[in-house]
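Each remark here refers to the structure printed beneath this line.
Whatever order the structure lists them in is the order used to number ligands and atoms, beginning at 1.
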Amino acid sequence: MLIRKPADIKPSEITSKDAYFSRREILRTGVYAGGSLLAGPGLAATLPEARGAKLSGIVPSEFSTDEEPNPYIDITTYNNFWEFGTGKSDPFRNAQDFEPRPWSITVSGEAEVTGTFDLEDFVKPHTLEERIYRLRCVEAWSMVIPWVGIPLASIIKQFKPLSNAKYLRFETLHDPERMPGQRGRSLRWPYVEGLTMAEAMHPLTIFAVGLYGEVLPNQNGAPIRLIVPWKYGFKSIKSIVNIEFTERQPRGSWQRAQPQEYGFYANVNPNVDHPRWSQARERRIGSAGDGLQSIFGAKKQETLMFNGYGEQVAHLYEGLDLRKNY
Ligand code: MTE
């Protein structure tokens, strides 16, 4: 297979926002006008292997924000994915040769159904939804991203968790040959993250398999990653190969690396500062109006409690002291 390097990709080949959104309108009407398309158990998700391939059968979601999404170029060139380097442009540069297929996911632990599943079988029973979400990074920048994904709750139900399954623990692929950042010790590998069962089952939590209506680019966590929009971005673990239902609270990579700075919950909270910086405000990438992922000129805006998703998720944390449980 011919793999093109970023330098070979002309800017004109990168989906423009206008072209994308007019296509999305067609899709919207297509899905709704058809009516019957939505009947039955839903649309079976298929994931083409070719990079940049269009995804079909995407249904819009009531959970999307109306905010203007960042352009594709911001979302795919300003990334955190330490498996491909610690600089913001490293994942774009170093992940191009990564082959995310074939891919399998192992489900283990406290559930009736466990085993190793091919990605195609894993996603097939589900419907793809577009979820335009804010992403707030712990480093006090943010973006708006049109993900394509599957509600994690509908995936979890298939595995019939047992009553003692209190948490989910996720792991990224560990393969230093394919992920050059794993040859160094910037973090302990593999990258690990976890959620409570209630967080994982919340309707806002998704597994993303696409972006801007296309297969997920490598640098954004191909072929499948978690998205939890009310938490700092580091909870949204990329390129997942293991999912475990556990009784005990899992320890995430950042929590393990710097426990005094990163907690298990990591809910976006403007009232609890990071020990080294304020979390009260954030820079929206690209908001300086000069295109390419400008963080330096970007305007600052107030950070919202739970990243603006408080109405939907605050009840999950009733009775919990969010200053202690950060
Ligand atoms: N997942 C893995 N495996 N490795 C990482 O370094 N970085 C996290 C998260 N998931 C990371 C990861 C952080 S800090 C952020 S902000 C988001 O991915 C960034 O996602 P994006 O690059 O798609 O915007």
Side-chain angles (χ1 to χ4, degrees), residues 69-95 98 100 103 105 131-149 169-176 178-195 205-212 214-243 250 252-258 261-263 266-268 274 277 279 282-286 293 295 303 307:
N70 276 81
Y72 185 87
I73 190 122
D74 289 351
I75 303 169
T76 56
T77 59
Y78 192 88
N79 299 99
N80 275 330
F81 198 174
W82 283 28
E83 284 81 345
F84 293 100
T86 55
K88 295 288 178 272
S89 57
D90 288 346
F92 169 71
R93 285 191 278 124
N94 301 332
F98 180 72
W103 193 268
I105 299 175
R131 297 285 184 104
I132 307 174
Y133 281 161
R134 288 179 287 278
L135 179 138
R136 169 59 158 82
C137 183
V138 75
E139 298 161 321
W141 52 265
S142 64
M143 289 198 214
V144 176
I145 305 184
W147 301 111
V148 178
R169 181 179 184 277
F170 307 95
E171 268 183 18
T172 294
L173 175 71
H174 187 204
D175 188 344
R178 294 161 72 197
M179 295 180 145
Q182 291 179 337
R183 294 173 211 155
R185 294 182 184 198
S186 52
L187 277 177
R188 211 153 92 192
W189 310 109
Y191 196 99
V192 173
E193 261 310 334
L195 294 176
T205 305
I206 59 167
F207 264 5
V209 294
L211 170 67
Y212 265 115
E214 298 175 0
V215 164
L216 200 61
N218 290 341
Q219 59 270 37
N220 293 92
I224 189 160
R225 57 124 13 127
L226 179 69
I227 300 292
V228 196
W230 70 94
K231 293 181 180 281
Y232 291 119
F234 71 84
K235 294 294 286 183
S236 292
I237 178 171
K238 297 178 170 183
S239 305
I240 296 168
V241 290
N242 287 316
I243 302 171
S253 286
W254 288 103
Q255 210 187 345
R256 198 164 57 187
Q258 280 151 310
E261 300 192 354
Y262 303 107
N267 291 319
V268 173
H274 184 280
W277 61 82
Q279 293 291 20
E282 67 202 50
R283 291 176 193 275
R284 178 64 53 84
I285 301 292
Q293 38 147 293
I295 186 163
T303 286
N307 200 21

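- When non-hydrogen atoms are compared, ligand 1 lies under 4.0 Å from the backbone of Asn80 as well as from its side chain.
- Expressed to the nearest 0.5 Å, how far CG of Leu216 lies from CD1 of Ile224 amounts to 9.0 Å.
- Taking only nitrogen or oxygen atoms, main chain and side chain alike, Ser236 reaches within less than 3.5 Å of ligand 1.
- There is no side-chain donor-acceptor pair under 3.5 Å between Ser142 and Arg136.
- From Asn80, atom CG reaches atom CD of Gln219 across 12.5 Å, with rounding to the nearest 0.5 Å.
- Only the side chain of Glu83 comes within 4.0 Å of ligand 1, counting heavy atoms alone; its backbone N, CA, C and O stay farther away.
- Between Ile237, Thr172, Ile145, Leu135, it is Thr172 that holds the heavy atom closest to atom 3 (N) of ligand 1.
- Between Trp147 and ligand 1, no N or O atom pair is found at a separation short of 3.5 Å.
- Classified by interplanar angle (parallel below 30°, tilted 30° to 60°, perpendicular above 60°), the ring pair Phe234/Trp254 is perpendicular.
- The shortest N or O to N or O distance between Gln219 and ligand 1 is not below 3.5 Å.
- Under 4.0 Å from ligand 1, the heavy atoms of Tyr191 that appear belong solely to its side chain.
- Of the protein's non-hydrogen atoms, Asn79 ND2, 4.1 Å is the one closest to atom 24 (O) of ligand 1.
- Considering backbone and side-chain atoms alike, Arg225 places an N or O below 3.5 Å from some N or O of ligand 1.
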Between Tyr262 and Tyr232, is a ring pair (Phe, Tyr, Trp, His ring centres under 6.0 Å) present by the stated rule, with each step listed?
CA-CA 10 Å; Tyr262 303 107; Tyr232 291 119; 8.6 Å; no
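- In this structure, Lys235 NZ and Ile237 CD1 are separated by 9.5 Å, a value rounded to the nearest 0.5 Å.
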Decide salt bridge (Lys or Arg N to Asp or Glu O under 4.0 Å) for Glu193 and Lys231; before the verdict, give the C-alpha distance in whole Å, the side-chain angles of both, and the deciding distance to 0.1 Å.
CA-CA 12 Å; Glu193 261 310 334; Lys231 293 181 180 281; over 6 Å; no
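- Evaluated by nearest non-hydrogen atom to atom 17 (C) of ligand 1, the leading choice among Ser239, Cys137, Gly221, Gly233 is Gly233.
- Aromatic ring orientation, Trp277 versus His274: parallel (interplanar angle below 30°, classes split at 30° and 60°).
- At under 3.5 Å, not a single nitrogen or oxygen of Tyr78, backbone or side chain, sits near a nitrogen or oxygen of ligand 1.
- Neither the backbone nor the side chain of Glu193 has any atom closer than 4.0 Å to an atom of ligand 1 (non-hydrogen atoms only).
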